[in-house]
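On a predicted model such as this, the values are computed, not experimentally measured, just so you know. As the structure lists them, so they are numbered: ligands from 1, and atoms in each ligand from 1.
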Amino acid sequence: MLNHHKEDTIESVLKEKRIIHPPSTFSANARIKSFQDYEKLYQESISDSENFWGNLAEKELHWFNKWDRVLEWDPPHAKWFLNGKLNITYNCIDRHLTSSRRNKPAIVWEGEPGDSRTLTYEELHVEVCKFANVLKQLKVTKGDCVAIYMPMIPEAIIAMLACARIGSVHTVIFGGFSAESLKDRLKDSQAKILVTADGGFRKDKIISLKSQVDIALKNNSSIVEKVVVVKRTSESIAMEHGRDYWLHDLQQDISDNCPPEIMDSEDALFILYTSGSTGKPKGVVHTIGGYSLYTHITTKWIFDIQDTDTYWCTADIGWITGHSYGVYGPLSNGATSLFYEGVPRPSNPGCFWDIIERYKVNIFYTAPTAIRSFIKMGDDIPKKFNLSSLRLLGTVGEPINPEVWMWYYEIIGNEKCPIVDTWWQTETGGVMITSLPGAISSKPGSASLPFPGIVPDIVDKNGDNVPDNTGGLLIIKNPWPSMLRNIHGDRQRFEENYWNSLSKKSDEHIYFSGDSARRDSDGYFWILGRTDDVMNISGHRLGSMELESALVSHQAVNEASVVGKPHEIKGEDIYAFVTLNNGFEATNELISELKQHVVQEIGAIARPGTIQFTRELPKTRSGKIVRRFLRQIAANQNIKGDRSTIVNPDILDELKEQAQLHN
Ligand code: ATP
Ligand code: MG
């Protein structure tokens, strides 16, 4: 075929052919049992989508007052379930109290030092009401913003739910952020109250959160009036009179009765900042009705949670995955959701597997970055544990390299657990592209097919369709219930960033994800990377994911990040940053071998000009590789831009220094 879109489209070079079918026993018991069932559901969902969402909203959620209309779409502004009244905490807690779920664990938690706590739905109800009454006592009212800057402890989840209970808007700020990042988000979100802890435990150290709060609130540029402090580590901390209060003091004699506030479907539920992989984080605003429905139904169908399951999503609640699939989706389904304060660390590299064994976790949802770190540590660690309780695995956050997918499938899932590779974003609120575990076969490295009601497509920069198997921009054509409603305080950025980035096709309003992808002949979507990360090598446009996957498929390579380096003749040359698996040495011979390996896997055009070994790659605090700085390093430029979202900024200077040797 003549490819007249060549300048805008991306060549796909990955030759992944494996297909893994759902085990028949899994399908037989799953909520969606066959591909035919999925297809039927999908057809229904798009032939009359308002009817589809309306029926689900009625069946799956409790409303104090039913909506008048399912959708008002005034592009790019959507309203879902107009004039519907509900409270997400009623759906997540109260409605389970009248059934046998009352005494079922809602939250199972383990702290890094090994302390633990279980809260049944009834106990969670009590704690949320008490916390909500504390907020009320501090004069928090409907619509006020409350910031939550906490370690992963039950009070963090309780605080989120308490905000939602009284109609205040939470903004969870990841507890690993420094004072500076905290300050920016407090200012941007206009939070009035800040909920924090004296500290938390991370990698066998005490992380002092309160001292970061004190720095952030000095020379106050935010409007925070009061700080509520949860006692976690019992380290001594400074408390400012009239501003800082211990939660346990505020809770003395507090009532545990707090009826849920009647909220409008389109009232804001939370503001959450994106990870900042591609630039300054965006304060994404989500509203109650659509978000409640979409997180509920995606959790139910994708994670297939049954009443007896223990479900574990490892994401911190400071990220959207923690919000949608740690807290709201699972609780709305009456599930048991597990939370763990710790992360794998030298003193306990197998802690995740230990938790799975001890709590008999059935469903496990984590990120490729974590899986790659497990691979690096070696198979013998997970093999020491009994992981036979697992029946379903999930991944989110970055494209998963096919070899990493296979490792997850074989070593963790023992070749019996389907894997759901879930593509979505802070902005989408819930999963958009995934396999449904009982119904859709997986292709390692592909996020698979759209969730019912979602119409993704691949277009070029003019908004024209590109042929199958050709990469382009990943867009969503229709509104969906949990779509972002705004960028907090920046309507213009909302409109321009997501809706106006393709040259005008006046009657079309499509959501532009910022990712590039291709669709294969079976309709499967393959994420190729960020649109910013597309390289142009001698006229061939290549995405980062497939080149990186070729490197990762070599046994020596643990992680790879590939960027374009300006080149006089080729336009750009491939520059790869590579970390090695244990037991492999960074030698010139290995460099030649890896270059040859990529040529074999992909072809001569993909031969990396430079391979630079490193001990780590720069990552966001949510664990994503950040390529924008690597591009600068490869181009021998000074490092510019906001480093605050990066967990290991020092690696940038180290990489820059070592890059001089290659340039
Ligand atoms: P920012 O928008 O600030 O640059 P971010 O995009 O990393 O940060 P998130 O909303 O946390 O912030 O991440 C969403 C992005 O993560 C997606 O756009 C996509 O690039 C990537 N992603 C998430 N899940 C998957 C997946 N299953 N496969 C491929 N990529 C994924
Ligand atoms: Mg993004």
key: I320 to ligand 1, any heavy atom closer than 4.0 Å   = no

request  = Determine which pairs satisfy ring-ring contact (aromatic ring centres under 6.0 Å, His included) with at least one residue from residues 434-478, sequence neighbours left out, and list them in order.
outcome  = Y294-F451, W301-F451

task = Inspect the contact between R631 and E572 and indicate whether a charged nitrogen and a carboxylate oxygen are less than 4.0 angstrom apart.
result = no

request  = May I ask you to check whether Y291 and W80 place their ring centres under 6.0 Å from each other?
outcome  = no

task = Please determine if R485 and E266 form a salt bridge, counting it only when a charged side-chain N lies under 4.0 Å from a carboxylate O.
result = yes

ask   = Who's the nearest protein heavy-atom neighbour of atom 24 (N) of ligand 1, and how far?
value = G397 N, 3.0 Å

inquiry  = Heavy atoms only, cut-off 4.0 Å: how does T422 contact ligand 1, side chain, backbone, both, or neither?
reply    = backbone

query = Regarding R519 and the six-membered ring of Y524, is the cationic atom NZ or CZ under 6.0 Å from the ring centre and inside 45° of its axis?
reply = no

request  = Test F174 against every option in Y273, Y149, W319 by the ring pair (Phe, Tyr, Trp, His ring centres under 6.0 Å) rule and name the one that passes.
outcome  = W319

message = Donor-acceptor pair, distance only, cut-off 3.5 Å: does the side chain of E403 make one with the backbone of S553?
response = no

message = So that I know where these two stand, are F374 and F352 an aromatic pair - ring centroids less than 6.0 Å apart?
response = yes

query = So, are E559 and K619 salt-bridged, with charged N and O less than 4.0 Å apart?
reply = yes

request  = Please say whether S622 places an N or O atom under 3.5 Å from an N or O atom belonging to ligand 1.
outcome  = no

query = So which bit of T278 gets within less than 4.0 Å of ligand 1, heavy atoms only: side chain, backbone, both or neither?
reply = both

query = Do G276 and ligand 1 have an N or O pair less than 3.5 Å apart?
reply = yes

ask   = Does W319 approach ligand 1 within less than 4.0 angstrom via side chain, backbone, both or neither, non-hydrogen atoms only?
value = neither

ask   = To which protein heavy atom is atom 6 (O) of ligand 1 closest, and what is the distance rounded to 0.1 Å?
value = R530 NH1, 2.8 Å

request  = Note the single closest protein heavy atom to atom 29 (C) of ligand 1, along with its residue, its atom name and the distance in Å.
outcome  = P399 N, 3.1 Å

note = heavy-atom search around atom 19 (C) of ligand 1 in the protein gives D515 OD2, 2.9 Å

ask   = Do any nitrogen or oxygen atoms of T274 come within less than 3.5 Å of a nitrogen or oxygen of ligand 1?
value = yes

request  = List the closest protein heavy-atom neighbour of atom 12 (O) of ligand 1: residue, atom name, distance to the nearest 0.1 Å.
outcome  = S275 N, 3.3 Å

task = Considering the heavy atoms of W424, write down every atom of ligand 1 situated less than 4.0 Å from one of them.
result = 14 (C), 17 (C), 23 (C), 24 (N)

task = Kindly determine whether D520 and W526 satisfy side-chain hydrogen bond (donor to acceptor under 3.5 Å, both in side chains), including the steps that lead there.
result = CA-CA 8 Å; D520 71 16; W526 299 75; 3.1 Å; yes

task = Answer side chain, backbone, both or neither: which part of T426 comes under 4.0 Å from ligand 1, heavy atoms only.
result = both

task = Quick one: look up the protein heavy atom nearest atom 13 (O) of ligand 1 and list residue, atom name and how far away it is.
result = K624 NZ, 2.8 Å

ask   = What is the closest protein heavy atom to atom 28 (N) of ligand 1, and at what distance does it sit?
value = E398 O, 3.3 Å

message = Using a 4.0 Å heavy-atom cut-off, which part of S277 comes near ligand 1: side chain, backbone, both, or neither?
response = both

task = Report yes if the side chains of F512 and L473 come closer than 4.5 Å at any heavy-atom pair, otherwise no.
result = yes

inquiry  = Counting only nitrogen or oxygen atoms and a 3.5 angstrom limit, does K282 reach ligand 1?
reply    = yes

